[in-house]
Amino acid sequence: MTISMDFNSKYSLETELLRVEGNQDQFNASSVPIYQSATFKQHSLDEMGKFDYTRSGNPTRTALQVHLAKLMKAKHCFVTSNGMSALDMILKTCKTGSHIVAGDDLYGGSDRLLNLNIANYGFQVSNVDTRDLTAFEAALRPDTALVLVESPTNPLIKICDVHAIVRITREKAKNAVLVMDNTMLSPILCNPLDFGYDIVYESATKFLSGHHDIMGGAIATRSDELAKSVFFNINACGAGLAPFESFLLLRGIKTMGIRVERAQQNAIELAKFLKSKGLFVNFPGLDPDCKSTAVFNSFSRGPGAVMSIVTGNVEFSKIIVESTKLFHISVSFGCVESLISMPAYMSHASIKKDVRDQRGLPEDLIRISVGIENVEDLKSDLENAINIAKLQKL
Ligand code: PLP
């Protein structure tokens, strides 16, 4: 996979990942230093420096934000303590009682946050299957304040037409802020700001950092007005990413290109392998003739490294998950190590069972986040787990 992007740089994205331009260090340090300081001294009572208090701004965080803005093709970028606080800062730009249209297969924590806003601030949320454009259009109102989309969704890997979502929203809800959660693809594969989204956010805990050693969130926009409002919220409640985490995220981003490329290559092979074992595999592009493949290819440069499989039996799925040796049983994804989980019992357990059933989230669903290990090792590990499940279920 070659990563090349059409943004205002003579370099490709692989190269840009390493060109950190926001480093303001006085000694020209090669690696952006960790400015582990809560405050910055003023020159005098009425003469401030560039930074005064880390809740408002910090040189390590600023360097990261400048770097990420470039990679996410944004004018402004803000990094926050995690992906959920990023969404929270975006939702806080909406007034009490706002109407929001959101996907029906959102990450469980996003769903929980929306429900909190319904309870505390009277938000009205319409959840729709965003693949169904008629249902999506019907859910929009002239006063809809925000549209929240994930594509592919987590964990069902539903692919919605992100271009049509923009077109329909602009026609039916002119003032709605279009927001995309791009965590599943990362800027390596997709840049939703290019398609007309107003805000893109990501959990930097996943592919951006890649090693599961930090929590982080990133918010990117080209709008000065939205940036002002998001920054106000971050500064007001102190959700900005800490200096040490900012340093680690800067470091993780440098290897994101090769990490995602290798993990994606492994995922393509594993998806085909699991399909050949008779399992139902949700993975973008697995069926080249499927209509959703063409839609997916219109906005992503590759399928990513996350898939989900349905076995038809909860116990069978549990045995597979617990029998693997190389796949860590973990709630997250986007890590260099391969991970395995059952969303209904883990990442999406915060969604009530009747709502999960109504939204078609099967209890036996297994989510796999493929890492950068040797793919033959991963295949034989999964094959072994499937064989154990078959034996125990006989
Ligand atoms: N968005 C998606 C798609 C996620 O899967 C997650 C977490 O799993 C989040 C956002 C939240 O990110 P964080 O865990 O960093 O708060």
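As the structure lists them, so they are numbered: ligands from 1, and atoms in each ligand from 1.
For atom 5 (O) of ligand 1, the nearest protein heavy atom (residue, atom name, distance) is Asn154 ND2, 3.0 Å. Among protein heavy atoms, the minimum distance from atom 4 (C) of ligand 1 is reached at Tyr107 CG, 3.5 Å. Scanning the protein heavy atoms around atom 2 (C) of ligand 1, the nearest turns out to be Asp181 OD2, 3.4 Å. Of the protein's non-hydrogen atoms, the one nearest atom 13 (P) of ligand 1 is Gly83 N, 3.4 Å. Nearest protein neighbour of atom 15 (O) of ligand 1, counting heavy atoms only, is Thr205 OG1, 2.6 Å.
Here Lys172 does not pair with Asp143 in a salt bridge; the nearest charged N to carboxylate O distance is not below 4.0 Å.
Side-chain contact annotation: Thr311 with Ser317, donor-acceptor N/O pair under 3.5 Å present. Using modelled atom types, one finds a donor on one side chain and an acceptor on the other under 3.5 Å when comparing Ser126 with His99. Side-chain contact check for Arg301 and Asn191: at least one donor-acceptor pair (N or O, by modelled atom type) lies under 3.5 Å. Under 3.5 Å, the side chains of Glu225 and Ser223 contain no donor-acceptor pair of N or O atoms.
At least one N or O atom of Ser203 sits closer than 3.5 Å to an N or O atom of ligand 1. On a distance-only criterion, Lys206 and ligand 1 share at least one N/O pair closer than 3.5 Å. For ligand 1, one of its N or O atoms has an N or O atom of Met84 under 3.5 Å away.
Of all atoms in ligand 1, numbered sequentially from 1 with element shown, those under 4.0 Å from a heavy atom of Gly216 are 15 (O). Distances below 4.0 Å separate heavy atoms of Phe333 from the following atoms of ligand 1: 5 (O).
With sequence neighbours excluded, the residues satisfying side-chain contact (heavy atoms from CB on, under 4.5 Å) with Asn23 are Asp25, Val32, Pro33. With sequence neighbours left out, Asn127 forms a side-chain contact (heavy atoms from CB on, under 4.5 Å) with Ala102, Asp104, Asp111, Val125, Arg359.
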Trace of the side-chain hydrogen bond (donor to acceptor under 3.5 Å, both in side chains) decision for Ser330 with Ser332: CA-CA 6 Å; Ser330 164; Ser332 201; 5.6 Å; no
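The shell of residues lying under 4.0 angstrom from ligand 1, judged by heavy atoms, includes Met215.
Contact annotation: for Glu202 versus ligand 1, there are no heavy atoms closer than 4.0 Å.
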